[in-house]
Amino acid sequence: MEPSCLDSRHLRLSFSAAPTLEAMGGGDRKRGLSVNSAKKRGCSKDTLLSLSDQKRSLSKILREEAAILNVERKSGSGKHRNLWPKAVLEALDDAISNNQWESALKIFGLLRRQRWYEPKSQTYARLLTMLGKVRQIEHARSLFQIMLSEGLKPTLDVYTSLVGAYGYGGFLDRALSIIDEMKTISDCKPDAYTYTILINCCCKLRQFDQIPELLADMSYLGIECTTVTYNAIIDGYGKQECLEEMENKSLSSMLEAGSCLPDVVTMNSIIDAYGNNERIIEMEKWYDEFQHMGIDPDVTTFNILVKSYGKAAMYEKMDSVMKFMKERFFSPSTITFNLIIECFGRVKNIEKMEYYFRLMKVQGFKPNSITYCSLVNAYSRAGFLEKVPAMIRQIDNSDVVLDTAFFNCVINAYGQAGDINIMEEMLLLMKEKKCNPDSITFSTMIQAYRRMGMDEAARELEIMLNDHKTKILKTG
DNA sequence: ATAGGGTTAG
């Protein structure tokens, strides 16, 4: 009698059985879903384990690191001109997908020295996309020149990545002139991808006034917007807290045009925008509304709900979301727990925060640098700084990799407490752990010195901060 | 190509 997982009718029914948020708040109402069928459905790979957790398992990370380092080492000496293609290409692949741009460029240099090397525009496109993401515009520019010098003709992909690199770097004019150049080349006419990337850049740079022109340009060229184009604009307005424009300009025109249907990303952007502004009624309204349009929530949706209820101090509802996920075999993720921990930490509810920290570990989710940032900040705010050293020792005995942001939190915590000596010790520890101090580290320490009346120390650091900034400008 | 987690100051 048990319906099969492959039975589409059953799938549809079980999805449409999703209760409204009102019902979720109601708590212990029984769901009409048998454990067996739910388990089967839960096994459909996207619910049981979050994809990012699967993809980034520790062993995989370690393997990638080793492969990258191995190949990278060889790139230092000029000798290795006959390496196996597979090793080099895989290392390059891993470095690119982890955004390790320095390694990637080194490995690419090695690749170019191989006897079997053949320039491929796709490799250039992927490198350019990565350089855009990490804002290395200068490197993107010279990589493009290298490509031309190898006699490769830029493809549509390459041009599009270049548009992204300039756009995300804040050079919208340059990005636009590349699009103009593209229009003159028969195989490289800009398409919906190209324009969507540029529109997304405008959103991130808060240059919304440029968007109508781009849309007009598209329609003049006969390029149809896609769902992704609308999503980028909707999320852009939402992030800038322009909720009126988001709902009544972007979302309405999407729904009215009817040529692209909203999807779960549209839904998540909209409810995140209302949730972030603590407009819970509208958030819930849109959650139900999107479900009526046939769009099902995913783990990201639930994370957004958890975060929003937490921010609005509606802890029972936050609990209900967790309970609901459990009942429907939606696994939470590290992000879910990090959000809850951050939420209780913010209001100095140490007890609840530590409860969820334990629960997270019991349920097999590994805390990461972000988790520990929230803990340190909470201990600092609540005046429980004495808990921090034990925590650091505990991390030391684990394989958790800490980063610059974590140490910035620690340094800030001791700085706020006026504990200058420990603060300076933490800077040393930070360097020992191979985390580079950044401009936030310096500003944090400068503030601390100022508060303690240590103007000389503050001035010295200020000079270092300025040096640091000019260095960034030169390499960026 | 788009959505969800942590860091300073102003």
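Each chain gets a letter, A, B and so on, in the order the sequences are listed, and its residues count up from 1. Because the structure is predicted, anything quoted here is derived from the model rather than measured.
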Checklist entry - Rounding to a whole Å, what distance do you find between A:Leu339:CG and B:dG6:P? => result 7 Å
Checklist entry - Reckon A:Lys133 touches a base, only the sugar-phosphate, or nothing at all at heavy-atom distances under 4.0 Å? => result nothing
Next on the checklist: Using whole Å, what does the distance between atom C1' of nucleotide B:dT8 and atom CG of A:Leu427 come to?
Outcome noted: 14 Å
Item to check | Residues touching DNA chain B, which here means a heavy atom under 4.0 Å, drawn from residues 154-167 of chain A | outcome: none
Checklist outcome for this item: CD1 of A:Ile341 to CZ of A:Phe337, rounded to nearest 0.5 Å, is 8.0 Å
Next on the checklist: Checking A:Thr226 now: which residues fulfil side chain to side chain contact (heavy atoms under 4.5 Å, CB included) with it, not counting sequence neighbours?
Outcome noted: A:Ala192, A:Thr196, A:Val228, A:Thr229
Item to check | B:dT8 phosphate, OP1 or OP2, under 4.0 Å from A:Asn412 side-chain N/O | outcome: yes
Checklist entry - Base, sugar-phosphate alone, or nothing: which one does A:Thr300 contact when heavy atoms must sit under 4.0 Å apart? => result base
Item to check | Minimum-distance nucleotide (side-chain atoms of A:Asn268 versus B:dA9, B:dA3, B:dT2) | outcome: B:dA3
Next on the checklist: What is the distance, to the nearest angstrom, from the CZ atom on A:Phe337 to the P atom on B:dG4?
Outcome noted: 20 Å
Checklist entry - So what does A:Asp298 hit on the nucleic acid, given a heavy-atom distance under 4.0 Å: a base, only sugar-phosphate, or nothing? => result base
Item to check | For DNA chain B, the residues among residues 193-201 of chain A that have a non-hydrogen atom under 4.0 Å from it | outcome: A:Tyr193, A:Thr196, A:Ile197, A:Asn200
Checklist entry - For A:Asn268, does its backbone N or O pair with a side-chain atom of A:Asp272 as donor and acceptor, under 3.5 Å? => result no
Item to check | Interatomic distance, A:Asn338 CG vs B:dG4 C1' [rounded to whole Å] | outcome: 11 Å
Checklist entry - Under 4.0 Å between a side-chain N/O of A:Lys307 and OP1 or OP2 of B:dG6, yes or no? => result no
Next on the checklist: Using the salt bridge (Lys or Arg N to Asp or Glu O under 4.0 Å) criterion, which residues pair with A:Glu462? Sequence neighbours excluded.
Outcome noted: A:Arg450
Item to check | Residue pairs, two or more places apart or on separate chains, that pass side chain to side chain donor-acceptor pair (under 3.5 Å) and touch residues 418-430 of chain A | outcome: A:Glu424-A:Tyr449
Next on the checklist: Tell me the interatomic distance from A:Met423, atom CE, to B:dT8, atom C1', rounded to whole angstroms.
Outcome noted: 12 Å
Item to check | A:Gln416 side chain near B:dA9 phosphate (N/O to OP1/OP2, under 4.0 Å) | outcome: yes
Next on the checklist: Given B:dG5, B:dG4, B:dT2, identify the nucleotide with an atom nearest to the side chain of A:Asn231.
Outcome noted: B:dT2
Item to check | Nearest-neighbour nucleotide for the A:Cys409 side chain, B:dT7, B:dG4, B:dG5 considered | outcome: B:dT7
Item to check | Candidate nucleotides B:dG5, B:dT8, B:dA1, ranked by approach to the side chain of A:Asn368 - the nearest | outcome: B:dG5
Next on the checklist: What's A:Phe406 touching, base or sugar-phosphate or nothing? Going by heavy atoms closer than 4.0 Å.
Outcome noted: base
Next on the checklist: Between the side chains of A:Glu316 and A:Lys323, is the shortest nitrogen-to-carboxylate-oxygen separation below 4.0 Å, so that they form an ion pair?
Outcome noted: no
Checklist entry - Between the side-chain atoms of A:Ser369 and the base atoms of B:dG6, is any donor-acceptor pair under 3.5 Å? => result yes
Checklist entry - Would A:Arg279 and A:Glu284 pass as an ion pair if we require N to O under 4.0 Å? => result no
Item to check | Closest listed nucleotide, where the reference is the side chain of A:Val228 and the choices are B:dT7, B:dA1, B:dG6 | outcome: B:dA1
Checklist entry - Can you find a donor-acceptor N/O pair under 3.5 angstrom joining the side chain of A:Asp403 to the base of B:dG6? => result yes
Checklist outcome for this item: Sequence neighbours excluded, the answer for salt bridge (Lys or Arg N to Asp or Glu O under 4.0 Å) partners of A:Glu247 is none
Checklist entry - Roughly how many Å is it from NZ in A:Lys311 to P in B:dG6, rounded to a whole number? => result 10 Å
Next on the checklist: For A:Asp438 and A:Thr404, which I'm curious about, is there any donor-acceptor pair between the side chains at under 3.5 Å?
Outcome noted: no
Checklist outcome for this item: Rounded to whole Å, CD of A:Gln447 lies from C1' of B:dT8 at a distance of 7 Å
Next on the checklist: Can you tell me how the ring of A:Phe384 sits relative to the ring of A:Tyr379, calling it parallel under 30°, perpendicular over 60° and tilted otherwise?
Outcome noted: perpendicular
Next on the checklist: At less than 4.0 Å, is any side-chain N or O atom of A:Lys204 found next to OP1 or OP2 of B:dA3? Yes or no.
Outcome noted: yes
Checklist entry - Whole-Å distance between B:dA3 C1' and A:Phe302 CZ? => result 15 Å
Next on the checklist: Over all strands shown, is A:Arg346 touching base, sugar-phosphate only, or nothing at heavy-atom distances under 4.0 angstrom?
Outcome noted: sugar-phosphate
Next on the checklist: Looking at A:Asp180 and A:Lys183, is there a salt bridge between them, counting it only when a charged N and a carboxylate O are closer than 4.0 Å?
Outcome noted: yes
Checklist entry - Choosing from B:dA3, B:dG4, B:dG6, which nucleotide comes nearest the side chain of A:Val265? => result B:dA3
